[in-house]
Chemist: 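Supplied in structure tokens, the structure appears directly below.
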Amino acid sequence: MYGKFRGSGTAGVMIAASMLLSVHSSAASPRMISVAAGPELFREKLAASHHFIVDGRSGNALGGEPIILAATRSGALDAAVLTGGVVSAVVPELSVFDIPFLFRDEAHAKAVMQGPIGAQIAAKFADKGLVLLALGKQGFRHMTNSKHPIRTPADVKGLTIRVIPNETYKMAFQALGANVVPMDFPLVYGALKDGRLDGEENPLTTISTSRFFEVQKYLTMSGHFFAPVAFIANRAMFEQLDPADQQALIAAAKAGAEVTWQAQVDDAKLKELRAAGMDVVDKVDRQAFVDAVKPLDPEFEKRFGKELIAAIRSTP
């Protein structure tokens, strides 16, 4: 099977990057992999492993992340790098990481995702026809809108806010009083521009590279969600690889994920957004936001387990 890596990527954020691997009959032959996007180190590690040949030619985008996720599950694609909140629609256990205000900082998130809890979640992918190769960092997500500065939950009430099609995201913004509109990412800019949406929420890199500053005036550094990126593979394809090829693919994914964890781009992106004319609320009443979503705790505990959530919060 032969194909091209499809998708788009930006520094510090991996979105909708996918690939096809070609499997050769000879165990000594490298697998052909065509890469057009994603962490550069991911591609370099695949090439350096001598298990894969990297073809840098790009292919046409398949569509939004849900489409790429479905293609990876079906085997039409072999591997993908996708937003964790999108993958959790298929692997709901992953959505425990989407609980608002769950992580203290990036180091806390990394310790959880690369530790025993991350391994526990990874085991849930097999039944969905997937293998979780690695988890990287998309980063903390922040709110933008076109109406007024957001400093407290009361400022969110009544705003029409786009979220990714993810039940945990939807529940959180409903608890804040927003009119929530789940929407695939390619449609967001147009909906912000024509006023169907008042606002959205994303990491700073996405807000900047998507030029949302052209259609949004106010940015609030809320850090309400921490978003991982999932390096995934089709399970059937992965299990057909010999152990050395499996380890090479995992190693490349982990190296690519580490690039995202090490990337420190928020300060530069925030400076760009200020220069573009956005009004930035640097500090919010965090406790007020935490209190506003606290009524969701019983539902989260029912879905994910009280002990698991407590273990995540207590991870050093």
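Source: prediction; values computed, not measured. For the single chain, residues carry numbers from 1 onward in sequence order.
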Chemist: Do you know which two heavy atoms are closest between Thr83 and Glu65, and how far apart they sit?
Modeler: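 Closest heavy-atom pair between Thr83 and Glu65: N-OE2, 2.8 Å.
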Chemist: Scan for salt bridge (charged side-chain N to carboxylate O under 4.0 Å, His left out) pairs involving residues 112-122, sequence neighbours excluded, and state none if there are none.
Modeler: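 Of all non-adjacent pairs touching residues 112-122, none passes salt bridge (charged side-chain N to carboxylate O under 4.0 Å, His left out).
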Chemist: For residues Thr144 and Val215, determine if any side-chain heavy atom of one lies less than 4.5 Å from a side-chain heavy atom of the other.
Modeler: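 No, too far: nothing below the 4.5 Å cut-off.
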Chemist: Can you tell me how far OG of Ser222 sits from CZ of Arg141, rounded to the nearest 0.5 angstrom?
Modeler: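 Output value for this atom pair is 10.0 Å.
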Chemist: Which residues pass the side-chain contact (heavy atoms from CB on, under 4.5 Å) test with Glu239, sequence neighbours left out?
Modeler: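 For Glu239 the side-chain contact (heavy atoms from CB on, under 4.5 Å) partners, ignoring immediate neighbours, are Arg235.
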Chemist: Once you round to the nearest 0.5 Å, how far does CE of Met171 lie from CD1 of Ile99?
Modeler: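 So the CE of Met171 and the CD1 of Ile99 are separated by 9.0 Å.
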Chemist: Who pairs with Ala89 by side-chain contact (heavy atoms from CB on, under 4.5 Å), at least two apart in sequence or on another chain?
Modeler: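 Testing Ala89 for side-chain contact (heavy atoms from CB on, under 4.5 Å), a comparison that skips the adjacent residues, returns none.
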Chemist: For Asp105, which residues count as a side-chain contact (heavy atoms from CB on, under 4.5 Å) partner, sequence neighbours excluded?
Modeler: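 Asp105 satisfies side-chain contact (heavy atoms from CB on, under 4.5 Å) with Ala107, His108 only.
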Chemist: With distance as the sole criterion, is a donor-acceptor pair present between the side chains of Gln287 and Asp291 under 3.5 Å?
Modeler: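 Indeed, the side chains of Gln287 and Asp291 share at least one donor-acceptor pair under 3.5 Å.
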Chemist: With a 4.5 Å limit on heavy-atom distance, are the side chains of Pro66 and Val86 in contact?
Modeler: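 Side chain of Pro66 against side chain of Val86, heavy atoms only: contact under 4.5 Å found.
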Chemist: Do Thr152 and Val284 pass the side-chain contact (heavy atoms from CB on, under 4.5 Å) test, and can you show the C-alpha distance, the side-chain angles, and the key distance before you say yes or no?
Modeler: CA-CA 6 Å; Thr152 69; Val284 299; over 6 Å; no
Chemist: Taking the side chain as every heavy atom from C-beta outward, state whether Ser146 and Lys217 have any atom pair closer than 4.5 Å.
Modeler: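 They are not in contact (no side-chain heavy atoms under 4.5 Å apart), so the answer is no.
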Chemist: Nearest 0.5 angstrom please: Lys128 NZ to Thr72 OG1, how far?
Modeler: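 Lys128 NZ to Thr72 OG1: 15.5 Å, rounded to 0.5 Å.
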Chemist: Could you pull out the closest heavy-atom pair between Ala257 and Ala134, with the gap in Å?
Modeler: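 So the two residues come closest at CB-CB, 3.9 Å.
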Chemist: Given side chains that start at C-beta, do those of Gln264 and Glu106 come closer than 4.5 Å, heavy atoms only?
Modeler: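 Yes, their side chains come closer than 4.5 Å.
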Chemist: Do we see a donor-acceptor contact under 3.5 Å between the side chains of Asn202 and Glu200?
Modeler: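 On atom types as modelled, these side chains qualify, holding a pair under 3.5 Å.
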Chemist: Going through the distances and angles, do Val87 and Leu132 end up as a side-chain contact (heavy atoms from CB on, under 4.5 Å)?
Modeler: CA-CA 10 Å; Val87 178; Leu132 180 62; over 6 Å; no
Chemist: Could you pull out all donor-acceptor pairs under 3.5 Å where a side-chain atom in residues 307-316 meets a protein atom, sequence neighbours excluded?
Modeler:
| residue | atom | partner | partner atom | Å |
| --- | --- | --- | --- | --- |
| Ser314 | OG | Ala310 | O | 3.0 |
| Ser314 | OG | Ala311 | O | 3.2 |
| Thr315 | OG1 | Ala311 | O | 2.7 |

Chemist: Could you pull out all donor-acceptor pairs under 3.5 Å where a side-chain atom in residues 274-281 meets a protein atom, sequence neighbours excluded?
Modeler:
| residue | atom | partner | partner atom | Å |
| --- | --- | --- | --- | --- |
| Arg274 | NH2 | Asp282 | OD1 | 2.5 |
| Arg274 | NH2 | Asp282 | OD2 | 3.1 |

Chemist: Could you walk me through whether Asp297 and Lys294 satisfy the salt bridge (Lys or Arg N to Asp or Glu O under 4.0 Å) test, starting with their C-alpha distance in whole Å, then the side-chain angles of each, then the deciding distance to 0.1 Å, before giving a yes or no?
Modeler: CA-CA 5 Å; Asp297 283 356; Lys294 191 168 183 58; 3.2 Å; yes
Chemist: Suppose we screen for side chain to side chain donor-acceptor pair (under 3.5 Å). Which residues come up paired with Tyr218, at least two apart in sequence or across chains?
Modeler: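 Tyr218 satisfies side chain to side chain donor-acceptor pair (under 3.5 Å) with no other residue.
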Chemist: Once you round to the nearest 0.5 Å, how far does OG1 of Thr209 lie from CD of Glu272?
Modeler: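 These two atoms lie 9.0 Å from each other.
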Chemist: Let me have the donor-acceptor pairs involving side chains of residues 109-123, under 3.5 Å, with sequence neighbours excluded, atom names and distances please.
Modeler:
| residue | atom | partner | partner atom | Å |
| --- | --- | --- | --- | --- |
| Lys110 | NZ | Glu258 | OE1 | 3.1 |
| Lys110 | NZ | Glu258 | OE2 | 3.0 |

Chemist: Quick check on ring pair (Phe, Tyr, Trp, His ring centres under 6.0 Å): which of Tyr169, Phe103, Phe173, Phe101 does His224 satisfy it with?
Modeler: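 Only one of Tyr169, Phe103, Phe173, Phe101 forms a ring pair (Phe, Tyr, Trp, His ring centres under 6.0 Å) with His224, namely Phe173.
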Chemist: Please, which pairs that meet ring-ring contact (aromatic ring centres under 6.0 Å, His included) have at least one residue in residues 122-160, sequence neighbours excluded?
Modeler: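 ring-ring contact (aromatic ring centres under 6.0 Å, His included) check on residues 122-160 returns Phe140-Phe226.
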Chemist: What is the minimum heavy-atom distance between Ile150 and Val156, and which atoms define it?
Modeler: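 Heavy atoms only, the tightest pair is CG2-CG2, 3.7 Å.
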Chemist: Could you pull out the closest heavy-atom pair between Met237 and Leu249, with the gap in Å?
Modeler: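 Heavy atoms of Met237 and Leu249 come nearest at CE-CD2, 4.4 Å.
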Chemist: Please tell me if the side chains of Leu273 and Leu204 come closer than 4.5 Å, counting only heavy atoms from C-beta onward.
Modeler: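 Of all side-chain heavy-atom pairs linking Leu204 with Leu273, at least one is under 4.5 Å.
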Chemist: Tell me whether Asp245 contacts the main-chain N or O of Leu241 through its side chain, where contact means a donor paired with an acceptor under 3.5 Å.
Modeler: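 Flag not set: sc Asp245 to bb Leu241 has no pair under 3.5 Å.
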Chemist: Could you check whether any side-chain heavy atom of Lys254 comes within less than 4.5 Å of a side-chain heavy atom of Leu133, counting everything from C-beta outward?
Modeler: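 No, side chains not in contact.
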Chemist: For the CG atom of Asn179 and the OG1 atom of Thr160, what is their distance to the nearest 0.5 Å?
Modeler: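 Going from the CG atom of Asn179 to the OG1 atom of Thr160 covers 4.5 Å.
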Chemist: So, taking the atom named CG in Asp194 and the one named OH in Tyr189, what distance separates them when rounded to the nearest 0.5 Å?
Modeler: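 Nearest 0.5 Å value for the CG-OH distance: 11.0 Å.
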Chemist: Checking Val90 against Arg73 for the side-chain contact (heavy atoms from CB on, under 4.5 Å) test, could you report, in this order, the C-alpha distance in whole Å, the side-chain angles of both residues, the deciding distance, and whether it holds?
Modeler: CA-CA 9 Å; Val90 169; Arg73 290 187 71 197; 3.5 Å; yes
Chemist: Please assess Leu130 against Ile232 for the test side-chain contact (heavy atoms from CB on, under 4.5 Å), listing each intermediate value before the final yes or no.
Modeler: CA-CA 7 Å; Leu130 297 168; Ile232 61 173; 4.2 Å; yes
Chemist: Would you indicate whether Asp267, at its atom CG, is surrounded by more than 12 heavy atoms from other residues, nucleotides or ligands within a distance under 6.0 Å?
Modeler: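 Open: at most 12 neighbouring heavy atoms sit under 6.0 Å from CG of Asp267.
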Chemist: Are the side chains of Phe225 and Pro203 in touch, meaning some heavy atoms are under 4.5 Å apart?
Modeler: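 The answer is no, as the side chains (C-beta and beyond) never meet within the 4.5 Å cut-off.
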Chemist: Who passes side-chain contact (heavy atoms from CB on, under 4.5 Å) against Ala191, sequence neighbours left out?
Modeler: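 Expected list: Met183, Arg196, Leu197.
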Chemist: Which residue pairs pass the ring-ring contact (aromatic ring centres under 6.0 Å, His included) test when at least one of the two sits in residues 274-293, sequence neighbours left out?
Modeler: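 Passing the test, one end in residues 274-293: no pairs.
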Chemist: Determine the minimum heavy-atom distance between Ala172 and Val293, stating which atoms define it.
Modeler: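 Residues Ala172 and Val293, closest heavy atoms: O-CG1, 4.0 Å.
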Chemist: Donor-acceptor pair, distance only, cut-off 3.5 Å: does the side chain of Ser74 make one with the backbone of Ala71?
Modeler: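 Flag set: sc Ser74 to bb Ala71 pair under 3.5 Å.
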Chemist: Between Arg151 and Asp285, is there a side-chain heavy-atom distance shorter than 4.5 Å?
Modeler: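 Answer no - side chains too far apart.
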Chemist: Tell me, please, which residues at least two apart from Glu301 pass salt bridge (charged side-chain N to carboxylate O under 4.0 Å, His left out).
Modeler: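 For Glu301, no residue satisfies salt bridge (charged side-chain N to carboxylate O under 4.0 Å, His left out) once neighbours in sequence are set aside.
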Chemist: Under 3.5 Å, is there a donor-acceptor pair between the side chain of Asn234 and the main chain of Ala236?
Modeler: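 Yes.
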Chemist: Give the minimum heavy-atom separation between Asn166 and Ser88, together with the two atoms involved.
Modeler: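 Minimum heavy-atom contact is ND2-OG, 3.0 Å.
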